[in-house]
Amino acid sequence: MQYHTNTNTIGLDTRLYGKFNTGKIKHTWVMGADFRHYDYNSNFVYNYNDYSADGSPLINVWNPSSGYQGFTPCFTWNHAGCDLKGWIYNTSYFQKGIYFQDQIKWKRLSILLGGWQDWVNMKYNNNSYFTNENDDNVKTLLSNNAGREPHQPK
């Protein structure tokens with residue numbers, strides 16, 4: 001079994017804040033924008049020949065032996081005698097948002113007003129692949145390519 005994942009995230013949050021008075025009413029305000037970019041890439045491959053019918057590995061790590069029946073090491077997708085299945089996931093999204101807040105104080109009364117809006121663009125590409133020992137060609141089992149732009153939470 002082979003598994004590899006790579007994740008990258010970049011984020012930025014900028015804000016401005018200040019204080020002012022309107023007569024006897026005091027205001028403390030903040031406003032800003034935030035940005036996030038996220039990439040997730042994953043590859044997962046396993047050899048059908050490495051597992052028994054119940055899904056357990058053929059090699060016993062506590063008692064290894066060279067006499068396992070049907071065990072064929074696989075080094076590439078086109079290695080003879082391999083039954084491989086694998087997935088490749090590529091996901092990316094970009095999120096941007098704006099927000100504001102005003103804290104209003106008058107005597108002992110405090111009121112907080114605010115708002116926030118987000119927009120998200122998401123793209124993904126997920127593929128499943130397989131080979132079998134009788135035909136060394138790689139076949140696409142399932143391909144799911146999609147993107148949603150923009151997505152706004154309700």
Side-chain angles (χ1 to χ4, degrees), residues 1-59 61 72-79 82-133 135-154:
M1 177 170 26
Q2 178 184 14
Y3 187 74
H4 179 264
T5 299
N6 184 22
T7 303
N8 293 308
T9 303
I10 298 172
L12 174 66
D13 190 346
T14 60
R15 65 185 74 149
L16 296 171
Y17 67 93
K19 295 182 179 190
F20 66 93
N21 296 334
T22 53
K24 293 184 178 185
I25 299 174
K26 296 179 182 180
H27 297 265
T28 302
W29 59 270
V30 64
M31 59 194 277
D34 67 330
F35 305 92
R36 302 276 179 271
H37 182 76
Y38 176 78
D39 286 319
Y40 173 79
N41 302 303
S42 177
N43 299 310
F44 177 77
V45 177
Y46 74 92
N47 182 359
Y48 286 115
N49 296 332
D50 293 349
Y51 295 87
S52 64
D54 67 359
S56 61
L58 287 175
I59 296 178
V61 295
T72 304
C74 295
F75 301 103
T76 67
W77 277 99
N78 295 325
H79 189 77
C82 291
D83 281 336
L84 293 175
K85 185 168 185 174
W87 296 268
I88 298 174
Y89 300 106
N90 297 306
T91 303
S92 176
Y93 77 79
F94 181 76
Q95 174 227 332
K96 56 190 171 190
I98 56 172
Y99 57 90
F100 75 92
Q101 179 178 305
D102 186 6
Q103 181 182 20
I104 304 166
K105 288 189 176 183
W106 177 69
K107 296 186 181 183
R108 293 178 50 173
L109 176 66
S110 182
I111 298 172
L112 188 64
L113 301 173
W116 175 15
Q117 177 67 50
D118 268 344
W119 297 270
V120 176
N121 297 330
M122 182 175 189
K123 296 178 183 176
Y124 60 90
N125 178 2
N126 300 332
N127 294 302
S128 296
Y129 298 97
F130 74 97
T131 63
N132 72 40
E133 62 186 50
D135 180 2
D136 290 336
N137 295 318
V138 178
K139 297 170 183 61
T140 301
L141 180 64
L142 170 68
S143 183
N144 185 2
N145 301 307
R148 293 185 291 236
E149 300 180 12
H151 171 72
Q152 285 185 232
K154 294 181 180 182

At what distance, to the nearest 0.5 angstrom, does [atom1] of [X] lie from [atom2] of [Y]?
{"X": "T14", "Y": "F35", "atom1": "OG1", "atom2": "CZ", "value": "6.0 Å"}
{"X": "H37", "Y": "K96", "atom1": "NE2", "atom2": "NZ", "value": "13.5 Å"}
{"X": "T28", "Y": "K19", "atom1": "OG1", "atom2": "NZ", "value": "4.5 Å"}
{"X": "I104", "Y": "L113", "atom1": "CD1", "atom2": "CG", "value": "4.5 Å"}
{"X": "K26", "Y": "W106", "atom1": "NZ", "atom2": "CH2", "value": "13.5 Å"}
{"X": "I111", "Y": "K105", "atom1": "CD1", "atom2": "NZ", "value": "12.0 Å"}

Task: ring-ring contact (aromatic ring centres under 6.0 Å, His included) partners of F94, counting only residues at least two apart - done: none
Open item on the list: Does Y17, at its OH atom, have more than 12 non-hydrogen atoms belonging to other residues, nucleotides or ligands within less than 6.0 Å?
Closed with: no
Open item on the list: Take a 6.0 Å sphere around CD1 of I10 and say whether it holds more than 12 heavy atoms from other residues, nucleotides or ligands.
Closed with: no
Task: Contact summary for T5 and S42, nearest pair of heavy atoms - done: OG1-OG, 3.6 Å
- [ ] Can you see which heavy atom on Q103 is nearest to which on S110, and at what distance?
- [x] NE2-OG, 3.5 Å
Open item on the list: Between R15 and Y99, is there a side-chain heavy-atom distance shorter than 4.5 Å?
Closed with: yes
- [ ] Indicate whether the side chain of W116 and that of D118 have a donor and an acceptor atom separated by less than 3.5 Å.
- [x] yes
Task: Sequence-distant partners of W29, side-chain hydrogen bond (donor to acceptor under 3.5 Å, both in side chains), two or more places apart - done: none
- [ ] Give a yes or no answer on whether the side chain of D34 reaches the backbone of G97 with a donor-acceptor pair at less than 3.5 Å.
- [x] yes
